[in-house]
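Input: a single structure, listed below in structure tokens.
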Amino acid sequence: MVDTLGVAVVGFGWMGRVHTQAYARVLHHYPKLGLRPELVTVADEVPGRAEEAAEQFGFTTAVRDWREVAADPRVRAVSITAPNFLHREIGVAMAEAGKHVWIEKPVGLTVADARAVADAVATAGVQGTVGFNYRNAPAVESARRLIGSGGIGTVTHVRVRLFSDYAAHPEGALTWRYERERGGSGVLGDLASHGVDLARYLLGDIASLTADTAVFVPERSRPTGATAGHSRASGGELGPVENEDYVSCLLRFASGARGVLEACRVSVGEQNAYGFEVHGTKGAVFWDFRRMNELGVSRGDRYQDQPVSTVYIGPGEGEYGAFQPGSANAMGYDDLKVIEAYRFLRSIAEGTPHGATLTDAVHSAAALDAMVRSAESGAWVDVHRGG
């Protein structure tokens with residue numbers, strides 16, 4: 001017998017839609033899950049947005065105040081896809097109300113915010129999943145297994161890159177994303193948080209780092225109405241961009257490996273250019289999100305002039321088999337969020353965490369805070385100093 005689980009989505013921009021669609025699809029790919037998500041409530045403060053979402057996707061109730069979701073006994077699990085500055089307040093409130101939490105990264109503005117949500121989830125005894133979706137790619141899981149088995153020898157160094165152009169246009173609206181008070185960090189929280197999670201997922205904990213940041217588009221126009229995603233605005237009052245467009249960072253891992261992490265939101269000519277190259281004493285492994293279901297793998301005993309082979313991911317690697325029947329069939333971004341939804345719901349059904357947890361969010365946030373301190377001081381910083 002399949003148990004019905006009432007779910008709510010708080011914040012219905014693009015990511016709220018992605019979560020909702022993942023709930024709708026999850027049983028198509030995982031029919032034996034044992035939990036059937038039921039879309040109970042959608043909350044968004046923008047007038048009319050929640051009602052539109054309810055009509056389109058079939059939520060029973062539409063509200064503007066997320067506090068109504070916390071008080072609703074029909075809701076047992078909540079997706080938190082609201083702006084960053086609301087993550088801590090909403091996350092803590094939902095956990096204290098006994099609701100399981102699927103929350104988008106970076107889980108607040110600071111490591112203190114992430115830890116507050118993690119502590120609330122642990123105290124309440126509910127499950128918490130975080131939106132580090134790139135680790136869900138079957139190719140990334142395959143790379144992790146290869147690295148962990150010693151398939152490329154001892155890891156020596158890694159390069160993680162996250163370049164995009166979503167903020168490159170000078171008419172990009174000055175939304176909450178560009179404000180310290182509501183957005184916190186800029187590309188750190190948006191893209192580098194994923195980079196830190198990928199690096200740690202593949203190589204283990206980051207011990208220390210040194211970082212440099214820059215703002216390349218210093219002013220933007222304030223929007224005159226509600227915005228979603230990366231809207232444009234022109235002719236409005238100009239305001240300052242308060243957080244970074246770019247970060248470069250040198251990493252030292254607890255294992256002794258070294259790394260480079262670079263992220264930028266204003267890279268003209270780059271669209272979702274996310275990936276990594278991991279080098280070891282006997283080989284290397286390469287991944288590019290834009291070729292999500294492929295790995296470049298070099299392994300053997302030649303050391304010099306050792307070739308790189310393209311490996312097409314197939315059933316048997318991660319969750320690939322839940323989506324495609326044979327190697328080299330494409331998966332996409334939304335599929336990664338379906339995997340995330342599955343692991344969230346499985347955590348609830350079994351009472352055991354599956355996938356990225358709030359602990360992972362705390363580790364990522366600690367590294368981001370260390371990057372901020374390093375960029376201000378110009379020095380190497382221990383990641384968990386005071387954190």
How close do [X] and [Y] get, counting heavy atoms only, and between which atoms?
X: V7; Y: P37; value: CG1-CB, 4.2 Å
X: L191; Y: L162; value: O-CD2, 3.5 Å
X: G355; Y: D360; value: O-OD2, 4.2 Å
X: A367; Y: L209; value: O-CD2, 3.7 Å
X: R182; Y: T175; value: NH2-C, 4.3 Å
X: A53; Y: V42; value: CB-CG2, 4.1 Å

Taking C-beta and beyond as the side chain, do [X] and [Y] meet within less than 4.5 Å on heavy atoms?
X: E89; Y: R67; answer: yes
X: Y274; Y: S164; answer: yes
X: Y178; Y: E242; answer: no
X: H363; Y: D205; answer: yes
X: M94; Y: V69; answer: yes
X: D165; Y: S267; answer: no
X: V338; Y: F323; answer: yes
X: F286; Y: E294; answer: no

Heavy-atom donor-acceptor pair, [X] side chain to [Y] backbone, under 3.5 Å:
X: T281; Y: T154; value: yes
X: H87; Y: A82; value: yes
X: Q306; Y: R302; value: yes
X: S347; Y: H354; value: yes
X: T20; Y: G16; value: yes
X: D245; Y: V266; value: no
X: N293; Y: I313; value: no
X: R76; Y: T4; value: yes
X: Q324; Y: A330; value: yes
X: T81; Y: G11; value: yes

I need the single residue from Y30, F57, W102, F59 that forms a ring pair (Phe, Tyr, Trp, His ring centres under 6.0 Å) with Y23. Which is it?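 When Y30, F57, W102, F59 are each tested with Y23, the ring pair (Phe, Tyr, Trp, His ring centres under 6.0 Å) holds only for W102.
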
For this session: Would you confirm whether the ring centroid of W287 sits within less than 6.0 angstrom of the ring centroid of Y201?
Result: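 They do not qualify: ring centres at least 6.0 Å apart.
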
_Measuring centre to centre across the rings, with the benzene-like ring taken for any Trp, is H19 within less than 6.0 Å of F12?_
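Ring-ring flag for H19/F12: false, centres at least 6.0 Å apart.
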
Linking I/L/V/M/F/W/Y whenever their side-chain heavy atoms sit closer than 4.5 Å, directly or via other members, would [X] and [Y] fall into one cluster?
X: F344; Y: L39; result: yes
X: Y333; Y: M292; result: yes
X: V383; Y: V260; result: no
X: L188; Y: V217; result: no
X: V140; Y: I152; result: yes

Rounded to the nearest 0.5 Å, what separates atom [atom1] in [X] from atom [atom2] in [Y]?
X: D288; Y: E277; atom1: CG; atom2: CD; answer: 9.0 Å
X: Y342; Y: T129; atom1: OH; atom2: OG1; answer: 12.0 Å
X: E68; Y: D72; atom1: CD; atom2: CG; answer: 8.5 Å
X: D382; Y: R373; atom1: CG; atom2: CZ; answer: 8.5 Å
X: E244; Y: F216; atom1: CD; atom2: CZ; answer: 11.0 Å
X: D44; Y: D65; atom1: CG; atom2: CG; answer: 11.5 Å

query: Are D334 and R25 ion-paired here, with the side-chain N under 4.0 Å from a carboxylate O?
result: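 No, this pair does not count.
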
Whether D190 and K105 form a salt bridge (side-chain N of Lys/Arg under 4.0 Å from carboxylate O of Asp/Glu) is what I want to check.
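Salt bridge: yes.
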
- request: Check step by step if side-chain contact (heavy atoms from CB on, under 4.5 Å) holds for S364 and F132.
  value: CA-CA 10 Å; S364 178; F132 289 129; 3.7 Å; yes

- Query: After noting the C-alpha distance and the side-chain angles of E317 and R145, does the key distance pass the salt bridge (Lys or Arg N to Asp or Glu O under 4.0 Å) rule?
  - Reply: CA-CA 10 Å; E317 296 291 350; R145 181 175 55 79; 2.7 Å; yes

task: Might you work through the side-chain contact (heavy atoms from CB on, under 4.5 Å) test for K282 and Y303, ending with a clear yes or no?
output: CA-CA 6 Å; K282 294 183 178 181; Y303 298 100; 4.0 Å; yes

Notebook entry, point to check: Going through the checks in order, is the side-chain hydrogen bond (donor to acceptor under 3.5 Å, both in side chains) test met by R74 and T61?
Noted result: CA-CA 11 Å; R74 299 173 300 165; T61 305; 2.9 Å; yes

Q: With side-chain contact (heavy atoms from CB on, under 4.5 Å) as the test, would you mind laying out the steps for E179 and F85 before giving the verdict?
A: CA-CA 10 Å; E179 300 175 2; F85 69 96; over 6 Å; no

Show the numbers, then the answer: is there a side-chain contact (heavy atoms from CB on, under 4.5 Å) between L202 and R144?
CA-CA 5 Å; L202 294 169; R144 184 175 189 247; 3.9 Å; yes

Exercise. Carefully, step by step, assess Y166 and W14 under the rule ring pair (Phe, Tyr, Trp, His ring centres under 6.0 Å).
Key: CA-CA 14 Å; Y166 66 79; W14 170 65; over 10 Å; no

[atom1] of [X]: more than 12 outside heavy atoms within 6.0 angstrom?
X: E45; atom1: CD; value: no
X: R291; atom1: CZ; value: no
X: R36; atom1: CZ; value: no

Verdict with supporting geometry, R343 and E340, salt bridge (Lys or Arg N to Asp or Glu O under 4.0 Å): CA-CA 5 Å; R343 290 175 172 166; E340 207 165 271; over 6 Å; no

Is the ring pair Y134/F289 parallel, tilted or perpendicular, if the boundaries are 30 and 60 degrees?
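Ring orientation of Y134 relative to F289: perpendicular.
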
